[in-house]
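As C-alpha cells, the structure follows; a few thoughts come after it.
Numbering of residues begins at 1 and proceeds along the displayed sequence.
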Amino acid sequence: MQDGNFSLIHIPLSLYSCFLQPILRVLLPHDIAALNSAEARDHMPDPSPIHGKQGFLNVSITPVECSIVCREEYAKSVFQPAIDLLSEEAREQVTISREPYQVFSISSAGMEASQRVMDLTAPLAMAGIPIFFITTYYTDFILVPGKDHKTVVQALLGRGFEFSESDAAYVAPSGISHSRDASSDVAQPCTPPPSSVVELQERTFKLLSQRNVVPFIKDGLYLAQCSGKELDSNSNYSSRPISNDSNDTPAHSTWMQKVEPNLYLSLVAALAIQPRFLSVTLTKDDAPSLLMDKALLYLFGNFIAGDTDSDLVPIFLDLSNLPLESTGIVCGVAGRLVDQTRSLDSDGGELTYLSTARAGVVILPSERSEAALEALVPSLEEATWKKNPLPSAT
C-alpha cells in the first residue's frame, strides 16, 4: 500500500489551462539544493513531491475531464489555491474529494489482464466498497476510501492475496481464479449485497441506465501503453523498474537522476497542448507509466519502452451523474465485457481499465472494441427495458 492519504480531483476540460501550472508543479521533480532558501520553501510544500513523500501520482486527461490523484496535502497546498483564484461559477465546477483515499498496489504478474481486473474488483464490489482502478505498465492500483481500509485488506486476504513486504504490494497467488459467487469471501456491508457477480452486473447496468450513461468511443483515437526508460549506471536506457536496494539513490533524490530528463520535457510538451488522452502514473518504485494517444508518440522519441505498434481503443463511460460512492461499476462493466468477448472465441483478449474522477475507461485491442461496445449498449438497453418495459411495436 502507498503510504499516506490521497485526494481525487476533478477538473472540467474547459478549465484545464487554469491548472496546467499546478499539474506541472506536482509532476516534475525539484532540486533540493535549490529549495534551501526560505522564499523557495514558501512556494514548494515538499522538496521531492514524487520520489519521496508523494509516493503515488496519477494525472489523466480524457475526453470527459482532467482527473488527478495526488497526496492530500498537495490537493490543499497546490490545487486549492488555484481553485480559489477562479470565479465563483468556475470554482463550483472543480471538485476535490472530501474524504481521504488510500492507494493499494497489486502485483499479479502472469495473470491475464482482463481476468486480473475481475479478480481484484469482484471481492471489493461484493463488500460494497467504492473503488477506482488504475492499470499501469507494471502494476495495478486500487483507490479506496480510507475508512474502508480494514474491509479492503480483509477482502483481498479472503481472496488469497498476500502482502509482500519486499514489493510493498498485495500479491495474487498463482492459482487464483474468478468466482461467480464471491459473497462468502468478504465482510458484509450494512445494506444487502448482491448474492453473485451476475446479480452485481445486473445492478450495475440498471444504475447506469437510470443515470443515462451511454458508452462511447472517439473516432481515430488509439492508445499505447508505455513506460519511461530508466537510466542505468552507464547512462544507458533500461526499462527496468526502479529498485529499492540499499545501494540505490536515497528516496529524497529527484527522478531526473534515474530517468532520462527528456522524458519530462516530452510530458510537458504533451500536457501543454491539452491532449485528447494522456494518463501518466508516477510511483516511488517504478519508472513512469504512460497510457497515451498514439498521436503523441512523436514527442517521446526513444525515451519510452513498450508496444507502440498495437492499437488500443478506449471506451468511455461518463459517470458524472453518479455519486463517488457508487459501487460495483468497474466489476460490473468489466465482468460483462469479459463474458461477452470470451464467448467469441477461446481468446478473450486483453482488457484493462482506468478510473478517473468522473469517468470509467475500458481499454481493449482495436479488434475487440467493436464487439465490446456492442455488448455494453444492449446491456444498458436491456436494463432500461426491465425498468420500464414498453409494448411491442405493431
Side-chain angles (χ1 to χ4, degrees), residues 16 20-32 34 48-52 54-62 66-70 105 109 134-141 221-245 248-312 314 350 352 354 361 363:
Y16 172 81
L20 181 57
Q21 189 269 347
I23 290 172
L24 295 179
R25 189 170 168 184
V26 298
L27 182 69
L28 297 177
H30 301 274
D31 182 9
I32 295 174
S48 55
I50 303 304
H51 198 90
Q54 178 79 328
F56 180 89
L57 173 72
N58 175 266
V59 178
S60 296
I61 298 98
T62 74
C66 173
S67 174
I68 298 164
V69 180
C70 67
S105 53
I134 299 175
T135 297
T136 72
Y137 190 82
Y138 296 106
T139 309
D140 293 316
F141 294 92
L221 178 59
Y222 299 100
L223 308 183
Q225 181 89 61
C226 307
S227 167
K229 289 183 179 178
E230 178 189 355
L231 291 174
D232 62 24
S233 58
N234 297 318
S235 297
N236 295 318
Y237 294 132
S238 169
S239 59
R240 298 190 305 271
I242 297 173
S243 171
N244 282 326
D245 296 340
D248 285 347
T249 308
H252 63 263
S253 64
T254 72
W255 280 72
M256 291 290 190
Q257 295 170 310
K258 283 280 190 177
V259 178
E260 166 57 48
N262 283 320
L263 175 70
Y264 287 92
L265 296 177
S266 301
L267 275 174
V268 171
L271 290 167
I273 62 175
Q274 188 171 334
R276 290 189 300 172
F277 192 105
L278 173 63
S279 180
V280 54
T281 303
L282 301 182
T283 72
K284 62 182 180 181
D285 298 321
D286 296 332
S289 177
L290 300 135
L291 180 63
M292 73 175 101
D293 182 353
K294 291 187 70 173
L296 300 173
L297 287 174
Y298 77 97
L299 292 172
F300 292 84
N302 65 341
F303 308 129
I304 55 175
D307 182 4
T308 58
D309 293 327
S310 299
D311 291 334
L312 300 177
E350 291 290 286
T352 56
L354 171 68
V361 188
I363 301 134

Which residues pass the side chain to side chain contact (heavy atoms under 4.5 Å, CB included) test with S67, sequence neighbours left out?
->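 For S67, the residues satisfying side chain to side chain contact (heavy atoms under 4.5 Å, CB included) (neighbours in sequence not counted) are L8, E65, T356, A357.
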Sequence neighbours excluded, which residues qualify as side chain to side chain contact (heavy atoms under 4.5 Å, CB included) partners of D309?
->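 Side chain to side chain contact (heavy atoms under 4.5 Å, CB included) check on D309 returns D307.
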Does the S289 side chain pair with the main chain of Y137, one donor and one acceptor, at a distance under 3.5 Å?
->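 Indeed, once roles are kept as given, a pair shorter than 3.5 Å links the two residues.
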Y138 side chain to A287 backbone, donor-acceptor under 3.5 Å |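 No, Y138 side chain to A287 backbone: no donor-acceptor pair under 3.5 Å.
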Out of curiosity, [X] [atom1] to [Y] [atom2], how far, rounded to the nearest 0.5 Å?
| X | Y | atom1 | atom2 | value |
| --- | --- | --- | --- | --- |
| I363 | L312 | CD1 | CG | 7.5 Å |
| S227 | L290 | OG | CG | 7.5 Å |
| C226 | L296 | SG | CG | 10.5 Å |
| N58 | I68 | CG | CD1 | 9.0 Å |
| L297 | Y222 | CG | OH | 14.5 Å |
| I273 | L20 | CD1 | CG | 11.5 Å |

What's the shortest heavy-atom distance between [X] and [Y], and which atoms?
| X | Y | value |
| --- | --- | --- |
| L278 | A270 | CD2-CB, 4.0 Å |
| M292 | I304 | CE-CD1, 4.1 Å |
| L263 | G228 | CD2-CA, 3.9 Å |

Indicate yes or no: at least one non-hydrogen side-chain atom of [X] is less than 4.5 angstrom from one of [Y].
| X | Y | answer |
| --- | --- | --- |
| L27 | L271 | yes |
| F300 | N262 | no |
| F141 | T283 | yes |
| F277 | L354 | yes |
| C66 | I23 | yes |

Can you run down the salt bridge (charged side-chain N to carboxylate O under 4.0 Å, His left out) pairs that involve residues 293-302, sequence neighbours left out, and say none if there aren't any?
->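 Those involving residues 293-302 are R276-D293, K294-D311.
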Side chains of D286 and T139, donor plus acceptor under 3.5 Å |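 Yes, T139 and D286 have a side-chain donor paired with an acceptor closer than 3.5 Å.
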